[in-house]
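Report on the following structure.
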2 protein chains.
Amino acid sequence: MTAATPKGERRRQALVEAAIGLLVDGGFDAVRHRAVAERAGLPLASTTYYFDSLDELITVALDRHGRAELAYGKARLAELDPEECGGDAFIELVLDLLLGPAGDVEAVVLRYERLVATGRRPFLRPLMRELTVELHSLLLAIFTKAGKKISAEHVEDLIAIVDGTVVNALVEVSPDPRAAARRKLAAALARTA
Amino acid sequence: MTAATPKGERRRQALVEAAIGLLVDGGFDAVRHRAVAERAGLPLASTTYYFDSLDELITVALDRHGRAELAYGKARLAELDPEECGGDAFIELVLDLLLGPAGDVEAVVLRYERLVATGRRPFLRPLMRELTVELHSLLLAIFTKAGKKISAEHVEDLIAIVDGTVVNALVEVSPDPRAAARRKLAAALARTA
DNA sequence: AGAAATTTGGTACGGTAGTGCCAGATTCTG
DNA sequence: CAGAATCTGGCACTACCGTACCAAATTTCT
């Protein structure tokens, strides 16, 4: 179901934004018709009017959120100065792309929740596949522009190291997945360079 | 809440087993009082009698399941013949430890679901932390017994590669996380050796 | 302006969730 | 064996879920 009127479109977007917020704050389980409507300041029925099902709403929200992340990554790529890709700054850049800007642990959790959730929700697969492919090729572009000669395969390896480190770091007593990922990524890059 | 009578203990265990089955088949969301009771062939109220809350039931189920995996891993370690740790057999061994015996994709999903779920459910943290630590030290022992000289840190790296590869493989059109992990792990081991 | 399409929002329904209750049956204990 | 502790299991309450309905209001189109 799509909106046909400007105001309708605005409302639809408000619902999507609300769903994204709930997704970040509370994960998939938090996305309910009533919660979305309330967060958007709209009546309950608007959620079923603009979206055929909760799954569709979740999919659209994940899509918008994922593309916003990609847009952010592309902006970072565009403003990348090849001259000053010192080790640390570059590592932070890669982490920003893979985990989101520093400081938001819940956003990190959502990044991995959606990957794992795809294992049980096949309807997410096409979307998540596309987002993942784009993110990875974006990272390859960043490595390339930064002057690091690197194969697509090796980029995948580095991503795997970060992702694997993060999911394991989530069970630490006081989780700091970004710090853990930073350490491993630095070590891996040092090994290569 | 614990059982004080033999039959009570048996019933309690039956509920835990049922919860594990639901966990494997359908993830965290599938573990409901009624579903557990029905699967165990017991009345609804038995679930609230033996467990103070759903969270406790889930925790106990995850605990038992995790320790069964560790016991399996220890058995594999015990029967490991250092003489015949050819590359392929050894790789399969490591994958068996990290992903469970081959062929069960849902079990793999659960392995990572529980890690990520810990990000939103702090009450799982102590348990998951302990299980993770034990699994990692078990892997270190296996590498050692197999005659591979390797540091704890390097084992962590290899685990991260496998875990990162798996979570990314879950979004493939026809996911085969074990195959993907096998490829990356083989490459990483070849690099070291 | 007037008709048609779209949007609105209050309401209700059927289903399922977690949990509490409690009289009766069973098992343990001394 | 008697009394106490434990366990049983049916039932029901409240809350919340997704979804459907539909008359009224609004917007769009001719």
Side-chain angles (χ1 to χ4, degrees), chain A residues 1-63 113 117 120-124, chain B residues 1-63 113 117 120-124:
Chain A
M1 192 54 175
T2 57
T5 206
K7 178 178 174 187
E9 187 55 30
R10 246 179 296 126
R11 282 190 153 213
R12 205 182 123 99
Q13 297 311 324
L15 291 171
V16 173
E17 294 297 330
I20 292 173
L22 289 167
L23 226 28
V24 173
D25 288 355
F28 283 72
D29 294 352
V31 185
R32 308 267 177 236
H33 283 117
R34 285 170 179 80
V36 172
E38 192 176 351
R39 186 158 178 148
L42 294 174
L44 167 63
S46 64
T47 57
T48 57
Y49 181 76
Y50 288 108
F51 301 91
D52 290 335
S53 69
L54 250 198
D55 285 353
E56 188 197 339
L57 177 49
I58 288 175
T59 306
V60 173
L62 236 34
D63 186 307
E113 252 172 352
R120 302 245 187 229
R121 308 183 196 219
F123 69 88
L124 289 179
Chain B
M1 193 54 174
T2 57
T5 207
K7 180 177 172 187
E9 188 54 31
R10 247 180 292 126
R11 283 193 152 208
R12 205 182 123 98
Q13 297 311 324
L15 291 171
V16 173
E17 293 299 329
I20 292 173
L22 288 167
L23 226 28
V24 173
D25 289 354
F28 282 78
D29 294 351
V31 184
R32 308 265 176 238
H33 283 117
R34 284 170 179 80
V36 172
E38 192 177 352
R39 185 157 176 149
L42 293 174
L44 167 62
S46 65
T47 58
T48 56
Y49 182 75
Y50 288 108
F51 301 92
D52 289 336
S53 69
L54 250 198
D55 285 352
E56 188 197 339
L57 177 48
I58 288 176
T59 305
V60 174
L62 235 35
D63 186 308
E113 253 173 351
R120 301 244 187 233
R121 308 182 197 219
F123 68 89
L124 288 179

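- Nearest heavy atoms, A37(A) versus L15(A): CA-CD2, 4.3 Å.
- For the pair R10(A) CZ and dT7(C) C1', the interatomic distance rounds to 13 Å; values are reported in whole Å.
- We find that CG of L44(A) is positioned 18 Å from P of dT7(C), with the value rounded to whole Å.
- Under 3.5 Å, the side chain of R32(B) and the base of dG18(C) form no donor-acceptor pair of N or O atoms.
- As a whole-Å value, the separation of I58(B) CD1 from dG18(C) P is 9 Å.
- Side-chain N/O atoms of H33(B) include one lying less than 4.0 angstrom from OP1 or OP2 on dT19(C).
- A side-chain donor-acceptor contact under 3.5 Å links Q13(A) and E9(A).
- To the nearest angstrom, C1' of dG10(C) lies 16 Å from CD of E38(A).
- Of the candidates dA17(C), dT11(C), dG9(C), dG9(C) carries the atom nearest the P43(A) side chain, counting heavy atoms from C-beta on.
- Look at Y50(A) and you won't find any side-chain N or O under 4.0 angstrom from OP1 or OP2 of dT6(C).
- In this structure, of dG18(C), dT8(C), dG18(D), it is dG18(C) that holds the atom nearest to the side chain of L54(B).
- Nucleic acid contact for R11(A): sugar-phosphate only, since backbone atoms but no base atoms lie under 4.0 Å from a heavy atom of the residue.
- Listed for the R120(B) side chain is a donor-acceptor partner under 3.5 Å among the backbone atoms of D25(A).
- Residue R34(B) has its side chain nearest to dG18(C) when only dG18(C), dC17(D), dG10(D) are considered.
- Taking CG of L62(B) as the start and CG of D55(B) as the end, the distance is 11.5 Å to the nearest 0.5 Å.
- Taking atom CG on D29(A) and atom C1' on dC17(D), their separation rounds to 13 Å, with Å as the unit.
- Within the 4.5 Å cutoff, side-chain heavy atoms of R12(B) are placed close to those of F51(B).
- Mapping A45(A) and S46(B) onto DNA chain D by nearest heavy atom places S46(B) at the nucleotide closer to the 5' end.
- Per the geometry, CZ belonging to F51(B) stands 12 Å off P belonging to dC7(D), to the nearest Å.
- Remark: C1' of dG9(D) and CG of L42(B) are 10 Å apart, rounded to the nearest angstrom.
- To the nearest angstrom, P of dC21(C) lies 15 Å from OH of Y49(B).
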